[in-house]
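As structure tokens, the structure follows; a few thoughts come after it.
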Protein chains: 2
Amino acid sequence: MKKQPTREKLLDITFEEVYINGYTATSVDAILKKASVPKGSMYHHFKSKKELVLAMVKERLFPKMDAFFSYEIKENESITQSFRNTFLVVSKNRLLVTYGCPLYRLMVELSATDKEFDTVLSIKANEMKEGIKAMLEQGIALGEFDKSLNSETFATYMLTSVWGILSLSPSLSSSKTFLIQSQYILDSLEAYLLKKDGSL
Amino acid sequence: MKKQPTREKLLDITFEEVYINGYTATSVDAILKKASVPKGSMYHHFKSKKELVLAMVKERLFPKMDAFFSYEIKENESITQSFRNTFLVVSKNRLLVTYGCPLYRLMVELSATDKEFDTVLSIKANEMKEGIKAMLEQGIALGEFDKSLNSETFATYMLTSVWGILSLSPSLSSSKTFLIQSQYILDSLEAYLLKKDGSL
DNA sequence: CTGTCACTAGACTAAACAGTCTAATTGAAT
DNA sequence: ATTCAATTAGACTGTTTAGTCTAGTGACAG
């Protein structure tokens with residue numbers, strides 16, 4: 001168990017603390033205590049609390065999300081099935097089901113009042129929307145969905161409604177209810193499904 | 001323009017400040033300054049910041065939401081149309097579209113870390129779910145929806161997905177995109193619609 | 001007119017906050 | 001071994017925070 005470099009340890013602990021408590025409610029001192037890092041070290045690596053958290057967003061939060069969502073469709077798998085699989089993976093992630101999407105939580109807390117956070121977080125949100133949009137368009141191109149499907153607005157709908165469902169109070173959320181509700185999202189996609197033979 | 005009683009003025013300003021900035025990022029001093037109320041007066045009426053905000057939740061936030069959502073169905077109006085009307089009303093509310101639902105924002109910020117807030121806010125969230133659920137059940141009873149519709153989970157889905165859609169970054173939200181996306185929610189209800197004659 | 005009590009007023013306190021400073025220590029290069 | 005820059009260490013500072021305290025004010029009942 002070799003010693004983790006200070007900067008990396010700080011980013012890890014900052015992710016955990018800010019995810020659960022939010023940006024404002026997380027104090028620098030609390031992060032330092034949990035990480036067992038003295039103040040001077042932190043302010044050597046980061047010029048302020050905000051810089052620390054912005055670095056955490058770019059070097060921890062974003063990579064975590066990139067690793068989670070692939071937007072790739074496996075061979076012989078329909079786009080619908082691909083979405084279903086992603087929902088299944090999400091439902092199995094205890095933290096996501098309990099506390100919601102960390103990107104979304106930060107957006108809700110900070111986007112209205114902090115332009116810099118809003119810009120950075122919106123870029124990732126947009127990237128995710130584009131990923132979903134590309135999948136939907138692939139589905140249209142392959143004849144799975146009707147051309148009348150507006151991939152832009154439907155992608156945004158899928159993304160934000162999943163965020164909303166996930167961000168229920170921890171006391172009310174469960175992986176089972178998430179799965180049922182994600183099915184309703186797929187139901188709304190059904191309206192654009194081009195039924196072929198009775199293969200399903 | 002008669003002078004507003006101190007307590008009432010404090011609740012009004014507290015609602016505005018906490019709605020936009022959140023609980024933690026709103027300081028008592030900021031509220032007092034904006035309301036032009038001295039500290040002693042506030043601590044005469046409320047024993048702490050938390051009590052002030054809890055009172056605001058009960059005496060401002062909840063009544064505002066009660067006034068907004070009726071869960072009543074007009075004569076000769078289908079349940080589906082009734083939902084559509086509510087979405088239309090929501091889309092016309094600038095604050096809601098810009099900043100999202102104030103109840104939901106507070107839940108995202110506090111439910112994971114504060115049991116008391118979680119309890120109080122969850123009660124209202126549950127009440128709203130029950131209101132929607134009752135409408136759905138009325139729709140089943142009147143033959144508008146199929147009996148296979150799970151009113152409990154679908155009501156939760158409607159509520160949380162609307163919250164998610166509304167809580168997009170202010171820089172990305174608009175009343176038009178909200179309306180389009182709320183239509184997708186109604187699309188998912190379509191799967192349970194008992195089509196009758198060609199009256200629609 | 002006077003005593004009472006709800007409320008106002010704002011100076012004050014102690015703790016928590018983000019951020020600074022200088023000195024000590026480390027590790028790598030020479 | 002010596003040098004030197006990168007890092008660690010934590011005491012310190014100034015500000016903001018929620019909350020206290022005591023003196024005063026104003027309206028109203030007797």
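A note on names: the letters A, B, ... follow the listed sequences, proteins ahead of strands, and every chain is numbered from 1. If you're wondering where the values come from, they're calculated on a predicted model, not measured in any experiment.
Residues A:Phe117 and A:Ile123 fall into different hydrophobic clusters, defined by Ile, Leu, Val, Met, Phe, Trp and Tyr side chains chained together at heavy-atom separations under 4.5 Å.
Mapping A:Gly40 and A:Ala25 onto DNA chain C by nearest heavy atom places A:Ala25 at the nucleotide closer to the 5' end.
Scanning atom types as modelled, no donor and acceptor separated by under 3.5 angstrom connect the side chain of B:Lys47 and the base of D:dG19. Judged by distance alone with a 3.5 Å cut-off, a donor-acceptor contact links the side chain of A:Lys39 to the base of C:dA18.
Comparing C:dT8, D:dA9, D:dA18 by their nearest atom to the side chain of B:Ser27 picks out D:dA18.
For the pair A:Lys49 and C:dA18, the criterion of a side-chain N or O lying under 4.0 Å from OP1 or OP2 is met. Distances shorter than 4.0 Å separate none of the side-chain N or O atoms of A:Thr6 from OP1 or OP2 on D:dT7. Residue A:His45 has a polar side-chain atom (N or O) positioned under 4.0 Å from OP1 or OP2 of D:dT8. The shortest distance between the side-chain N/O atoms of A:Ser48 and the OP1/OP2 oxygens of C:dA18 is not below 4.0 Å.
To the nearest angstrom, P of C:dC5 lies 13 Å from NE2 of B:His44. Rounded to an integer number of Å, the gap from B:Met42 CE to C:dA6 C1' is 17 Å. Between A:Tyr23 atom OH and C:dC17 atom P there is a gap of 13 Å when expressed in whole angstrom units. We find that NZ of A:Lys33 is positioned 11 Å from P of C:dC17, with the value rounded to whole Å. A straight line from OH of B:Tyr43 to P of C:dT13 spans 17 Å, rounded to a whole angstrom. As rounded to whole Å, 12 Å separates atom P of C:dC7 from atom CD of B:Glu8. Here the C1' atom of nucleotide C:dC7 and the NZ atom of B:Lys9 are 14 Å apart, to the nearest Å. B:Ile31 places its CD1 atom 8 Å from the P atom of D:dA18, with the value rounded to the nearest Å.
Taking the six-membered ring where the residue is Trp, the centroids of B:Tyr192 and B:Phe145 are separated by 6.0 Å or more.
In this structure, B:Thr26 reaches the sugar-phosphate backbone alone: every heavy-atom distance under 4.0 Å involves primed, P, OP1 or OP2 atoms, never a base.
Ionic pairing of A:Lys50 and A:Glu116 is present here: one or more N-O contacts between side-chain nitrogen and carboxylate oxygen are shorter than 4.0 angstrom. Salt bridge absent: B:Lys64 and B:Glu59 never bring a charged side-chain N and a carboxylate O closer than 4.0 Å.
Cation-pi check for A:Lys49 over A:Tyr23 is met; the charged atom lies under 6.0 angstrom from the ring centroid and within 45 degrees of its normal.
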